[in-house]
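Some notes on the structure that comes next.
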Amino acid sequence: MEDTNQLIEQRKANLAELNELGVQPFENKITPTISCQGACAKYEAGELNDESEVIIAGRMTAHRDMGKSQFIDVKDGSGRIQVFANKKIIGDDAFKVVKCLDLGDFIGVKGLMFTTKMGEISVKAQEVTVVSKALRPMPAKWEGLSDTETRYRQRYLDLIANDEVKDTFLKRSAIIREIRNFLQQRGFVEVETPMMQNIPGGAAATPFVTHHNSLGCDFYMRIALELYLKRLLVGGIDKVFEIGRNFRNEGLSRRHNPEFTMLEAYEAYGDYESMMELLQGMVCHIANEVLDTLIIEHKNADGEVTKTIDLTPPWRRVRYKDLVKEKAGDDWFDLSPDDRRERALEELKLQGDIEAECEDFEVTNAVFEKLIEPTLIQPTFVTHVPKELVPLAKTAPDDSSAVEVFECCINGQEIAPAYSEQNNPVEQRERLEHQAGEEQQKLDDDFLVALEHGMPPAGGIGIGIDRLCMMLLGQESIRDVILFPQLRPKS
RNA sequence: GGGUUGGUAGCUCAAUGGUAGAGCAGCGGCCUUUUAAGCCGUUGGUUCUCGGUUCGAGUCCGAGCCAGCCUACCA
């Protein structure tokens with residue numbers, strides 16, 4: 001962007017004038033003795049008084065010019081503090097420097113703490129150091145920045161202008177920190193596995209392709225973490241997890257970003273039920289630590305509460321088939337496949353969602369995904385999922401058509417699936433071969449060889465971190481919990 | 001990919017087919033305790049791009065670009 005305009009020219013003129021005054025903004029350096037928020041808090045607590053000298057630093061976000069006095073808002077990562085700059089106190093030359101400041105500049109201020117006549121805790125400036133000059137104007141302070149495209153493409157402006165956006169991302173960071181704390185306290189080992197893979201396995205999704213020059217071959221960006229983490233179970237890391245990016249070459253939407261963050265965790269000698277305890281405990285731990293509550297309220301633009309999610313355990317458990325019968329009729333599973341299809345199309349109005357070539361289980365699953373999942377706002381473990389949907393799980397002992405799996409739905413979205421992991425290499429090979437169909441090159445034989453060396457029985461879980469954040473932070477778009485969501489490149 | 005809504009000053013937004021505007025920010029002036037400071041004055045535009053219709057287009061038509069929402073693939 002080589003664009004120039006009057007506002008930029010004026011700022012450059014101010015920079016030139018600073019240079020003439022002997023100030024080299026980008027060469028200056030300052031070491032703050034305290035944060036803006038810290039200075040306010042300590043003064044309020046009586047730990048600092050009117051004799052206390054402090055050095056604060058931050059971005060100038062507002063100023064009120066009173067002629068021979070200026071009030072300047074300075075903001076750092078901790079918060080805001082007001083600076084009082086008076087011509088007589090700091091001297092004529094220094095006051096000329098203050099006059100050259102523009103909103104957005106980074107400055108350091110040395111001075112004494114005091115309270116203004118209006119009762120605001122402030123720093124009475126003795127010295128002002130310009131440490132970075134902003135050559136472009138900031139978004140307007142009052143309106144903020146609302147243009148979504150600018151907010152996503154230039155997220156730094158969004159973070160400067162909208163405190164609640166910054167808060168959301170700080171909380172996202174805290175959520176991930178608490179996930180690590182929770183798992184590490186329970187003896188889980190964090191690992192890193194390849195993002196560039198020969199065969200992209202562990203999920204049914206279209207991968208991105210990339211190329212390695214010196215090896216002379218293509219690689220796929222991973223679509224799941226699963227198969228490598230299971231190799232580690234084989235290798236004797238009994239409790240293992242990874243938090244990392246997955247890449248799927250599919251459409252973008254309110255709920256989908258091409259790269260998204262997954263947590264996968266595996267526990268030897270666990271099963272899908274121990275994973276329920278793990279997930280429920282983890283989410284409640286996060287909510288308590290980060291939000292200090294188990295009641296999550298989602299609000300609309302007007303601040304009205306649109307839904308309330310209660311995370312208080314124990315969470316509801318219900319079988320997939322029971323939910324389907326509730327919605328589609330008690331006799332649903334007694335019908336012939338043709339009758340089921342007809343009921344789905346006619347009575348349940350799923351015309352747009354069921355293709356002619358859909359198999360029978362896909363018809364039932366359309367009922368689940370379209371009519372049931374969106375209604376599961378409160379935490380719900382959906383268990384005994386049809387085996388066709390999950391090729392990597394163990395068959396349920398009391399229902400041979402289902403697998404030992406739960407899908408945890410919260411906020412109308414699937415947040416986490418978990419399995420009793422399939423560790424029978426013969427059965428696993430058959431299932432994967434069947435799933436690969438004609439595309440046998442997609443079969444990860446190396447993984448199957450690993451299983452043949454013996455994998456302990458294990459419970460495994462995958463959690464979509466972005467969606468978890470959406471649910472916990474009350475965001476309706478995945479783009480509002482990802483700092484730099486994928487957009488089409490400009491120009 | 002399909003449908004739909006939108007793109008105007010740095011920001012937030014106006015403008016029946018008839019001189020492109022306001023608030024904030026900026027710039028100049030006044031002001032030594034302000035809080036979205038105030039008062040006076042004032043600069044600032046490829047109306048997303050390219051074509052078309054018209055005496056005349058920000059506005060109507062066509063194509064394209066970018067984005068939001070819905071939808072599809074999927075988590």
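Residue numbering restarts at 1 for every chain, and letters A, B, ... go by the order of the sequence lines. A quick note: this is a predicted structure, and the numbers were derived from the prediction, not measured. All heavy atoms count here, side chains included; hydrogens, waters and symmetry mates do not.
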Quiz item: Considering only heavy atoms and no angle criterion, is a donor-acceptor pair shorter than 3.5 Å present between the side chain of Q70(A) and the base of U34(B)?
Solution: no
Quiz item: Would you say K99(A) reaches G28(B)'s phosphate, i.e. side-chain N/O to OP1/OP2 under 4.0 Å?
Solution: no
Practice problem: Quote, to the nearest angstrom, the P distance that separates G29(B) from C11(B). | Solution: 27 Å
Quiz item: Using a cut-off of 4.0 Å on non-hydrogen atoms, how would the nucleic acid contact of R488(A) be classed: base, sugar-phosphate, or nothing?
Solution: sugar-phosphate
Exercise. For D102(A), report the nucleic acid contact type (base, sugar-phosphate, nothing); a contact means any heavy atom under 4.0 Å.
Key: sugar-phosphate
Quiz item: Has R136(A) got a side-chain N or O lying under 4.0 Å from the OP1 or OP2 atom of G10(B)?
Solution: no
Exercise. Answer whether the closest heavy-atom distance between the side chains of V130(A) and L101(A) falls below 4.5 Å.
Key: yes
Quiz item: If you look at every strand shown and take non-hydrogen atoms under 4.0 Å, does L252(A) touch a base, only sugar-phosphate, or nothing?
Solution: base
Quiz item: Do T129(A) and I55(A) touch side chain to side chain, with heavy atoms closer than 4.5 Å?
Solution: no
Practice problem: For atom OH of Y220(A), decide whether the heavy atoms of other residues, nucleotides or ligands shown that lie under 6.0 angstrom number more than 12. | Solution: no
Quiz item: Looking for any heavy atom pair under 4.0 Å, which part of the strands does G462(A) touch: base, sugar-phosphate only, or nothing?
Solution: nothing
Quiz item: Considering Watson-Crick and G-U wobble pairs with both distances under 3.5 Å, what does G26(B) pair with?
Solution: U42(B)
Quiz prompt | Separation of the P atoms in G28(B) and C61(B), to the nearest angstrom | solution = 45 Å
Quiz item: Do R172(A) and I482(A) have side-chain heavy atoms sitting under 4.5 Å apart?
Solution: yes
Quiz item: C55(B) pairs with which nucleotide, Watson-Crick or G-U wobble, both distances below 3.5 Å?
Solution: G18(B)
Quiz prompt | OG1-CD distance between T206(A) and E250(A), expressed to the nearest 0.5 angstrom | solution = 4.5 Å
Exercise. Nearest whole angstrom, please: distance from the C1' of U32(B) to the CZ of R64(A).
Key: 15 Å
Quiz item: In whole Å, what is the span from the CZ atom of F84(A) to the C1' atom of A37(B)?
Solution: 14 Å
Practice problem: Flag the pair V382(A) / L376(A) as yes when at least one side-chain heavy-atom distance between them is below 4.5 Å, and no otherwise. | Solution: yes
Exercise. Could you check how far CG of D105(A) sits from P of G26(B), rounded to whole Å?
Key: 11 Å
Quiz item: Reckon E120(A) touches a base, only the sugar-phosphate, or nothing at all at heavy-atom distances under 4.0 Å?
Solution: base
Self-check item: Toward the 5' end of RNA chain B, by each residue's nearest nucleotide, N14(A) or R467(A)
Solution: N14(A)
Quiz prompt | C1' gap between U46(B) and U8(B), integer Å | solution = 12 Å
Exercise. Look at the side-chain N and O atoms of R254(A) and state whether any lies under 4.0 Å from the OP1 or OP2 oxygen of C70(B).
Key: yes
Quiz item: Parallel under 30°, tilted from 30 to 60°, perpendicular over 60°: which one fits the rings of Y272(A) and F406(A)?
Solution: tilted
Practice problem: Check RNA chain B against residues 194-204 of chain A and give the residues with a non-hydrogen atom under 4.0 Å, in numerical order. | Solution: A204(A)
Quiz item: NA contact type, L7(A), heavy-atom cut-off 4.0 Å: base, sugar-phosphate, or nothing?
Solution: base
Practice problem: Report the residue (L103(A) or K88(A)) whose heavy-atom-nearest nucleotide on RNA chain B is the more 5′ of the two. | Solution: L103(A)
Exercise. Output the single nucleotide from A75(B), C66(B), G26(B) whose closest atom is nearest the side chain of E250(A).
Key: A75(B)
Quiz item: So what does G251(A) hit on the nucleic acid, given a heavy-atom distance under 4.0 Å: a base, only sugar-phosphate, or nothing?
Solution: base
Practice problem: Report the distance from atom CZ of F71(A) to atom P of C31(B), rounded to the nearest whole Å. | Solution: 16 Å
Quiz item: What's the spacing between Y266(A) OH and M275(A) CE if we round to 0.5 Å?
Solution: 9.5 Å
Quiz prompt | Centroid-centroid distance, F484(A) to Y152(A), less than 6.0 Å | solution = no
Quiz prompt | Separation between the P atoms of C30(B) and G17(B), rounded to whole Å | solution = 47 Å
Quiz item: With a non-hydrogen cut-off below 4.0 angstrom, is N257(A) in contact with a base, only sugar-phosphate, or nothing?
Solution: base
Exercise. Answer with base, sugar-phosphate or nothing: what part of the nucleic acid does I415(A) contact at a heavy-atom distance below 4.0 Å?
Key: nothing
Quiz prompt | Pairs where residues 190-207 of chain A contributes a residue and the test salt bridge (charged side-chain N to carboxylate O under 4.0 Å, His left out) is met, not counting sequence neighbours | solution = R180(A)-E190(A)
Quiz item: Is any side-chain nitrogen or oxygen of K68(A) closer than 4.0 Å to OP1 or OP2 of U32(B)?
Solution: yes
Quiz item: What integer number of Å spans the P atoms of C48(B) and A57(B)?
Solution: 15 Å
Exercise. Assign R479(A) to base, sugar-phosphate, or nothing according to its heavy-atom contacts below 4.0 angstrom with the strands shown.
Key: sugar-phosphate
Practice problem: Answer with base, sugar-phosphate or nothing: what part of the nucleic acid does D65(A) contact at a heavy-atom distance below 4.0 Å? | Solution: base
Quiz item: With both distances under 3.5 angstrom, what nucleotide forms a Watson-Crick or G-U wobble pair with G1(B)?
Solution: U71(B)
Practice problem: Taking the side chain as every heavy atom from C-beta outward, state whether I478(A) and R255(A) have any atom pair closer than 4.5 Å. | Solution: no
Quiz item: Can you tell me how far P in C27(B) sits from the matching atom in G10(B), rounded to whole Å?
Solution: 15 Å
Quiz item: Checking all strands, does F114(A) fall into the base, sugar-phosphate, or nothing category for heavy-atom contacts under 4.0 angstrom?
Solution: base
Quiz item: Which part of the nucleic acid, if any, lies within reach of T148(A) when heavy atoms closer than 4.0 Å are counted: base, sugar-phosphate only, or nothing?
Solution: sugar-phosphate
Exercise. Quote, to the nearest angstrom, the C1' distance that separates A72(B) from G3(B).
Key: 11 Å
Exercise. Take atom C1' in G7(B) and the same atom in U49(B), then report the distance between them in whole Å.
Key: 12 Å
Quiz item: Hey, is the side chain of T116(A) pairing donor to acceptor with the base of U34(B) inside 3.5 Å?
Solution: yes
Exercise. Tell me the partner of G6(B), counting only Watson-Crick (N1-N3 plus N6-O4 or O6-N4) or G-U wobble (N1-O2 and O6-N3) with both under 3.5 Å; none if nothing fits.
Key: C66(B)
